[in-house]
Amino acid sequence: MTGGEPAPPGRSGTPDLPGLLEAVISVGSELELRPALQRIVDTAAGLTGARYAALGVLDPEHRRITELFTHGLTEGERHRIGRLPSGAAGLIGELIRRPRPLLLDDLTADPRSCGVPDGHPRMRTFLGVPVRVGEEVFGNLYLTERRGGPFGDGDLTLVTVLASQAGIAIGNARLYETARHRERWIEGAAAVTTALLSGHGADDALTTVAEQARILAGAAAGVVLQPTDEGGMEIVAASTRGDPEGLVGTTILPGSPVLAQLLGGEAVFVEDSATDPRMTTPVRSRFGPSMMLPLQSGGRLIGTLALPRHRGDRAYTAVEQSLASRFAAHAALALLLADAQHDRERLAVYEDRDRIARDLHDLVVQRLFATEMMLESTRRRAGGEEETGALIGRAVDELDSTIQEVRTAIFALQQPPADAPTTFRGRVLRETRGAAVLLGFPPSVRFTGAVDALVREPLEGRLLGELRGALAAAHRRAGVSRIEVTVDVTATLPDGGDGVRLLVRDDGTREDGGRGTEFTWEAPR
């Protein structure tokens, strides 16, 4: 029986107006959307004496239930029922297809009643009413098993009025929730901009964007993908609530159905990553609803921000998709600004270092070279004074070594500034690369053992100093065409203790005319 039909004898009744008024006030007092929805269900059950009540929230695009708020079901009963009804069939589907009040004495006798899952409590009496927010059907309110007999027209009137007021309350709660969400996303975007412009490195900047977006969206993970040279896209930064293992480095291969959209700067919204045929990455089985948003500004595509949720989590709403898309556009602009600021800072440092290098070359090196020439001339004039000649010779050698070291420093200053290495291994490689310009060839470098874990200050500084000296000495030798550098942190010292050994071999000419020199330095660790 539907609303509007004559009521059978004994089913009409006077609505509980005081109770209705109290219920309307109660429902309208809640500003948070989800608590408001639960209060509507509880209030409807209390107003009609229904044992069970539910409010099914509809997806306006696909016309199916996305969330179900219940009253009267225990946690055990909910667990036995399992997945929510989709609304594709049965009386739930009937209300979705034809959103008007529905009143039944025995739902089991109605031919439209089907698809009741195993474990669902037995129900007979039924009252269903659509809940509208403006012209949109937000969801449906379902009531069953009225205590004291079937639902009557009085119950129908009460629930219809309550549903009308609930629509107003839901509309207000939606506006309030949207405003709060918008405020959070704006604050998040501002936090990202502040963090990026404070001087984070490129990798840290992308991770900052991924982490902030994950928190704001309530996602299981936030990842940033960037185009690869092969024409695919690779996850280069990730943030998760748990262990991000297996995410960074995951690649979308060329030919993937979703790739053309991502590389074209289009947003992609996925209902279930694990089953969507467009998703081809091996990590897709972990996730459910997802949105992939272009990090794009001024026509330049930096990459894609993906925000997947766990399987079974609710899908993203249209409001969430819109707010996240705006955040992605803002983050892309902030990344470009941070990159431009970093370039300006690097240029300023480069100009300053170039000035210092020019001053060193024009003043210090020229004066040292002139002093060396004067000493060399004095040594020749000293003639047979052997001791004086030897002293002057050593002074000339020291000046020559100083000139070479200053020239090495000048070269290092003239190189484009780069982020300083953060590991001991990187610092050793930086020293050998700097020497390669003066030598004309790169020394070979070999590491043995966990050098980054076992070499710390002050041992690190001492070893790097010895390495610089050994490379400078090798440069002064004639005929050097090959240098081998070995850093061994598994060495055993003569006293049997654990130590670090630096070995520098070259093929230059020795003072005795022989070929090849070997420099060894050891220290305990």
Side-chain angles (χ1 to χ4, degrees), residues 364-412 427-449 451 455 459-497 499-525:
V364 178
V365 172
Q366 296 302 328
R367 289 179 180 178
L368 286 173
F369 188 71
T371 302
E372 181 185 11
M373 293 298 99
M374 286 188 293
L375 287 172
E376 182 65 28
S377 176
T378 301
R379 188 182 66 169
R380 285 196 297 269
R381 287 198 301 269
E385 298 181 17
E386 183 176 344
E387 184 177 352
T388 301
L391 288 172
I392 294 176
R394 286 198 295 273
V396 170
D397 290 341
E398 287 297 324
L399 279 173
D400 182 61
S401 175
T402 302
I403 290 171
Q404 297 303 327
E405 291 178 0
V406 171
R407 282 176 173 166
T408 301
I410 291 172
F411 166 77
R427 295 185 181 97
V428 170
L429 295 175
R430 181 179 60 178
E431 295 294 337
T432 55
R433 282 195 299 266
V437 177
L438 293 176
L439 292 167
F441 60 90
S444 66
V445 184
R446 185 178 67 180
F447 298 96
T448 302
V451 293
V455 180
L459 179 59
E460 176 181 326
R462 292 166 55 199
L463 190 147
L464 291 175
E466 295 293 337
L467 174 60
R468 292 188 199 103
L471 292 174
H475 172 258
R476 291 195 296 270
R477 278 188 280 276
V480 175
S481 62
R482 187 178 72 256
I483 296 178
E484 298 175 355
V485 176
T486 301
V487 178
D488 184 0
V489 297
T490 64
T492 301
L493 301 181
D495 62 2
V500 176
R501 178 180 295 123
L502 170 67
L503 182 62
V504 182
R505 294 191 181 96
D506 67 72
D507 61 350
T509 302
R510 300 193 302 269
E511 293 182 0
D512 60 4
R515 300 283 295 180
T517 302
E518 182 176 292
F519 168 82
T520 302
W521 178 85
E522 295 178 337
R525 58 173 173 81

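Index from 1, following the sequence.
Remark: of the listed residues Leu439, Thr517, Asp507, Leu439 is the sole one forming a side-chain contact (heavy atoms from CB on, under 4.5 Å) with Ile483.
Smallest separation of non-hydrogen atoms from Gly516 and Arg510: O-NH1, 2.7 Å. For the pair Leu459 and Trp521, the tightest heavy-atom approach, listed with the atom from each and the gap, is CD1-CH2, 3.8 Å. Smallest separation of non-hydrogen atoms from Phe441 and Ser481: CZ-C, 3.5 Å. Summarising the geometry of Ala474 relative to Asp506, their closest heavy-atom pair is CB-OD2, 3.8 Å, with the distance given to 0.1 Å. In this structure, Gly449 and Thr490 approach most closely via the heavy-atom pair CA-CG2, 3.9 Å. Contact detail for Pro442 and Ala436: the closest heavy-atom pair is CA-CB, 3.7 Å.
Judged purely by distance below 3.5 Å, without hydrogens or angles, the side chains of Arg515 and Thr509 pair a donor atom with an acceptor atom.
In this structure, NE2 on His475 lies 10.5 Å from CG on Leu471, to the nearest 0.5 angstrom. Atom CG of Leu463 sits about 10.0 Å away from atom CD of Glu431, to the nearest 0.5 Å. Residue Arg505 holds its CZ atom at 6.0 Å from OG1 of Thr486, rounded to the nearest 0.5 Å.
Put simply, the side chain of Leu503 does not reach to within 4.5 Å of the side chain of Asp488, judged on heavy atoms. Proximity of Arg525 to Val455: side-chain heavy atoms (C-beta onward) are nowhere separated by under 4.5 Å.
Using a cut-off of 4.0 Å between Lys/Arg side-chain N and Asp/Glu carboxylate O, Arg446 and Glu484 are scored as not salt-bridged.
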